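Because the structure is a prediction, the values reported are computed rather than measured. Here is the naming used below: chain letters follow the sequence lines, and residue numbers restart at 1 for every chain.
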Amino acid sequence: MSNADVVRVRIAPSPTGFFHIGNAKTALINWLYARKTGGTFILRLEDTDVERSKEEYAGVVFEALHWLGIDWDEGPGFGARAERGEYGPYRQSRRAETYHREAARLIEEGKAYKCFCTKEELEAAREQAAREKRPPRYSGKCRNLTSAEIAARGDAPYAIRFKVPEGVTEIHDLVQGTVRTENREFDDFVIVKPNGDAIFHLAVVVDDGLMKISHVIRGDDHLTNATRHVMLFKALGYPVPKFAHLPMVLDEHGKKYSKRLHGANVLDWREDGFLPEALVNYLVLLGWTPGDNRELFTREELIELFSLERLGQSAGKFDVKKLQWLNGQHLRRLSPEELRDRVLPLLEKAGLNVSAKSPEWLAHMAAICQEKIRTLNEIVDYTDFFFRDIETYEEKAVRKQWKSPGAGDRMRRVRALLDGTGAWTAETLRGVYEKEVAASGLSLGELVHPTRLALTGKSVGPGLFELAELLGKETCLARIDRAIQYIAKKGEVPA
RNA sequence: GUCCCCAUCGUCUAGUCCGGCCUAGGACACCGCUCUUUCAAGGCGGCGACACGGGUUCGAAUCCCGUUGGGGACGCCA
């Protein structure tokens with residue numbers, strides 16, 4: 001593989017204490033491409049805006065990426081050593097010198113210039129333009145200052161502006177196709193603030209250039225910026241990387257996915273009991289297909305099948321329903337042990353004492369819920385009765401199962417059946433119930449539902465026989481007794 | 001306001017590059033039916049789209065132009 005073929009891709013989030021769902025998609029596509037091609041995936045923190053970047057926020061980025069199962073080869077976040085890779089530092093806040101050096105070089109080469117215009121002047125000009133319905137562009141006032149004029153300013157503060165060259169700039173976007181723009185559509189934009197901080201445009205280009213990024217894969221909100229960036233790449237003498245601008249993730253109404261919306265933060269989905277592999281699967285599907293009709297993928301399959309060519313070019317609305325379905329599918333593919341391990345923290349968080357149960361028992365419990373739940377969080381409602389006594393019975397179910405004449409007798413019959421059951425397994429219990437159905441003329445449901453209510457206090461849950469087996473004979477009988485008392489106390493409606 | 005990008009069922013999409021195989025396929029959702037101890041899952045079926053208008057062509061979802069709609073950029077934010 002020649003040097004030109006080496007794939008080096010990156011994501012460059014700004015640590016704001018928040019990892020946006022759109023960032024996650026971008027990260028995923030970059031990562032997939034790197035893993036597919038044997039390339040390098042780089043994490044770089046765009047923390048130049050000191051106001052919004054706090055050190056602990058970097059941890060949020062790491063956490064989100066870890067949760068998604070996206071690992072990076074170069075960048076910060078490698079424990080005590082902090083950074084890994086030969087192109088660091090990987091935080092823009094530590095690259096100020098590099099930006100200054102490159103900006104100075106541009107000035108020397110006549111490709112950038114000092115601008116002494118004040119914030120107020122620029123503000124006024126912008127308002128003026130808005131009033132006259134003109135595009136708000138910098139006038140170029142300081143573009144041709146002579147060295148004498150510059151010297152005359154003394155140590156007045158100045159910004160550095162890029163001198164946009166004449167001509168046309170083309171970008172050959174791998175997703176959007178060729179985009180051709182007249183350079184005159186751009187004004188001379190600022191690349192360094194008067195306080196010395198590099199502006200985003202300079203920083204990304206210098207970083208991407210020096211870090212030898214081969215493909216810039218990012219959201220298509222940067223498509224217009226890409227033209228600016230190409231001009232900068234050329235001015236700085238760096239090879240121009242390939243570009244791929246991905247369509248954005250919109251909310252369910254087709255609007256920009258606002259940070260305020262639940263779900264905008266990747267970790268919201270963890271909170272809601274979704275599996276990272278399901279979210280990953282969903283996010284990839286939002287803008288990519290393998291071409292056949294498959295849509296359920298493991299991480300490995302995704303890497304295997306992924307290609308930049310099959311990326312779509314239109315924005316996609318986020319559809320929670322589909323995510324839920326995918327989540328259910330992935331949930332069912334876990335082993336009982338995996339499911340148990342993922343669900344245990346949730347049970348503990350819900351205040352259930354799981355420590356008394358063996359790992360095997362808990363895996364068994366997970367297994368009988370596996371076909372029933374869609375999200376991890378649902379496990380709590382499906383299993384809480386295993387860990388604590390029943391305090392209340394679901395009201396609606398009580399009306400339906402226990403208010404009819406003969407309900408008490410029926411529960412006494414159930415008690416006798418259970419008491420007489422020898423081998424306490426789901427299978428024998430099922431046999432006992434089926435036999436009773438045949439003998440009594442009742443339907444299975446007429447026996448099962450009241451029993452479920454007595455054992456769990458609810459009308460929904462895992463299969464009755466499976467749950468009864470796990471609950472144990474003793475507990476089951478005690479709960480039936482309690483139900484019989486409950487029914488008696490409330491009084492049956494006489495026939 | 002200027003420039004840029006996008007446009008197939010409610011949603012995600014296949015098909016578009018290389019026009020005919022498309023009376024437009026799949027999935028989610030929804031609605032029936034079925035299975036069934038609930039829930040869920042499963043099986044079967046149904047509803048449902050080429051944004052609009054012009055061209056080019058024997059023939060257009062596919063190519064061209066325009067309109068409309070959506071998104072983005074135009075910051076001494078990233």
A.B. asks: Pick out the pairs of N or O atoms, protein on one side and nucleotides 45-53 of chain B on the other, that lie under 3.5 Å.
C.D. replies:
none

A.B. asks: How is A:Asp173 classified with respect to the nucleic acid when contacts are heavy atoms under 4.0 Å: base, sugar-phosphate, or nothing?
C.D. replies: nothing
A.B. asks: On RNA chain B, nearest-nucleotide positions of A:Val190 versus A:Trp288: which is more 5'?
C.D. replies: A:Trp288
A.B. asks: Starting at atom CG of A:Leu202, determine the distance to atom P of B:A78, rounded to an integer number of angstrom.
C.D. replies: 11 Å
A.B. asks: What is the distance, rounded to the nearest whole Å, between atom CD1 of A:Ile191 and atom P of B:C74?
C.D. replies: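 That distance rounds to 16 Å.
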A.B. asks: Is a donor on one side and an acceptor on the other found under 3.5 Å between the side chain of A:Arg95 and the backbone of A:Pro89?
C.D. replies: yes
A.B. asks: For B:G15, take OP1 and OP2 only and decide whether either is under 4.0 Å from a side-chain N or O of A:Arg310.
C.D. replies: yes
A.B. asks: Could you state the NZ-C1' distance from A:Lys317 to B:U8, rounded to the nearest angstrom?
C.D. replies: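 To the nearest whole Å, that distance equals 13 Å.
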A.B. asks: How many Å lie between CG on A:Leu223 and P on B:G72, as a whole number?
C.D. replies: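 That distance rounds to 13 Å.
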A.B. asks: At under 4.0 Å between heavy atoms, which parts of nucleotides 20-39 of chain B does protein reach? Answer with one letter per nucleotide, 5' to 3': B base, S sugar-phosphate only, - none.
C.D. replies: -----BSBSS-------BBB
A.B. asks: For B:C74, does either OP1 or OP2 sit under 4.0 Å from a side-chain N or O belonging to A:Thr224?
C.D. replies: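 No.
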A.B. asks: Distance check, P atoms only: B:G15 and B:G20, in whole angstrom units.
C.D. replies: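 Here B:G15 and B:G20 have their P atoms 13 Å from each other.
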A.B. asks: Between B:G48 and B:C9, how far apart are the C1' atoms? Round to whole Å, please.
C.D. replies: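 Between the two C1' atoms, the distance is 5 Å.
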A.B. asks: Checking side-chain contact (heavy atoms from CB on, under 4.5 Å) against A:Leu145, which of A:Tyr113, A:Tyr158, A:Phe116 comes through?
C.D. replies: A:Phe116
A.B. asks: Are there more than 12 heavy atoms of other residues, nucleotides or ligands under 6.0 Å from atom CZ of A:Arg184?
C.D. replies: no
A.B. asks: Of the nucleotides B:U2, B:G75, B:A78, which has the atom closest to the A:Arg137 side chain?
C.D. replies: B:U2
A.B. asks: Assign the ring pair A:Tyr257 / A:Phe318 to parallel, tilted or perpendicular, where the plane angle (0 to 90°) is split at 30° and 60°.
C.D. replies: perpendicular
A.B. asks: Whole angstroms only, please: what is the CZ-P distance between A:Arg180 and B:C3?
C.D. replies: 15 Å
A.B. asks: May I ask you to establish whether A:Arg161 and A:Tyr138 are in a cation-pi arrangement, using a distance under 6.0 Å from NZ or CZ to the six-membered ring centre and at most 45° from the ring axis?
C.D. replies: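 That pair qualifies as a cation-pi contact.
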A.B. asks: Ignoring backbone atoms, test whether A:Arg126 places a side-chain nitrogen or oxygen under 4.0 Å from the OP1 or OP2 oxygen of B:C76.
C.D. replies: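 Yes, such a contact exists.
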A.B. asks: Determine the interatomic distance between C1' on B:U23 and the same-named atom on B:U34; round to the nearest Å.
C.D. replies: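 Pairwise C1' distance, B:U23 against B:U34, rounds to 30 Å.
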A.B. asks: When rounded to the nearest Å, what value does the distance between C1' atoms of B:U8 and B:G70 take?
C.D. replies: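 Approximately 16 Å lies between the C1' atom of B:U8 and that of B:G70.
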A.B. asks: Does NZ or CZ of A:Arg228 come closer than 6.0 Å to the centre of the six-membered ring of A:Phe162, within 45° of the ring's axis?
C.D. replies: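 Ring-cation test returns no.
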A.B. asks: Can you tell me the distance, in whole Å, between the CD atom of A:Gln313 and the P atom of B:C17?
C.D. replies: 13 Å
A.B. asks: Among side-chain atoms of A:His262 and A:Asp272, is any donor-acceptor pair under 3.5 angstrom?
C.D. replies: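 Note: A:His262 and A:Asp272 side chains meet the donor-acceptor criterion.
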A.B. asks: Taking atom C1' of B:G72 as reference, at what distance in whole Å does atom NE2 of A:His229 sit?
C.D. replies: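 For the pair A:His229 NE2 and B:G72 C1', the rounded distance is 14 Å.
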A.B. asks: Side chains of A:His330 and A:Asn327 only: does a donor on one sit below 3.5 Å from an acceptor on the other?
C.D. replies: no
A.B. asks: Using the P atoms only, state how far B:U2 lies from B:C64, rounded to an integer number of Å.
C.D. replies: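 Approximately 24 Å lies between the P atom of B:C64 and that of B:U2.
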A.B. asks: Regarding A:Tyr57 and A:Ser14, do their side chains bring together a donor and an acceptor under 3.5 Å, going by distance alone?
C.D. replies: no
A.B. asks: Just the rounded figure in Å: distance from C1' of B:G42 to CD of A:Gln370.
C.D. replies: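 Computing the A:Gln370:CD to B:G42:C1' distance gives 15 Å.
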A.B. asks: I need the A:Gln329 CD to A:Leu275 CG distance, nearest 0.5 Å.
C.D. replies: 11.5 Å
A.B. asks: Please determine whether a side-chain nitrogen or oxygen atom of A:Lys193 lies at a distance below 4.0 Å from atom OP1 or OP2 of B:C77.
C.D. replies: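 Yes, within the criterion.
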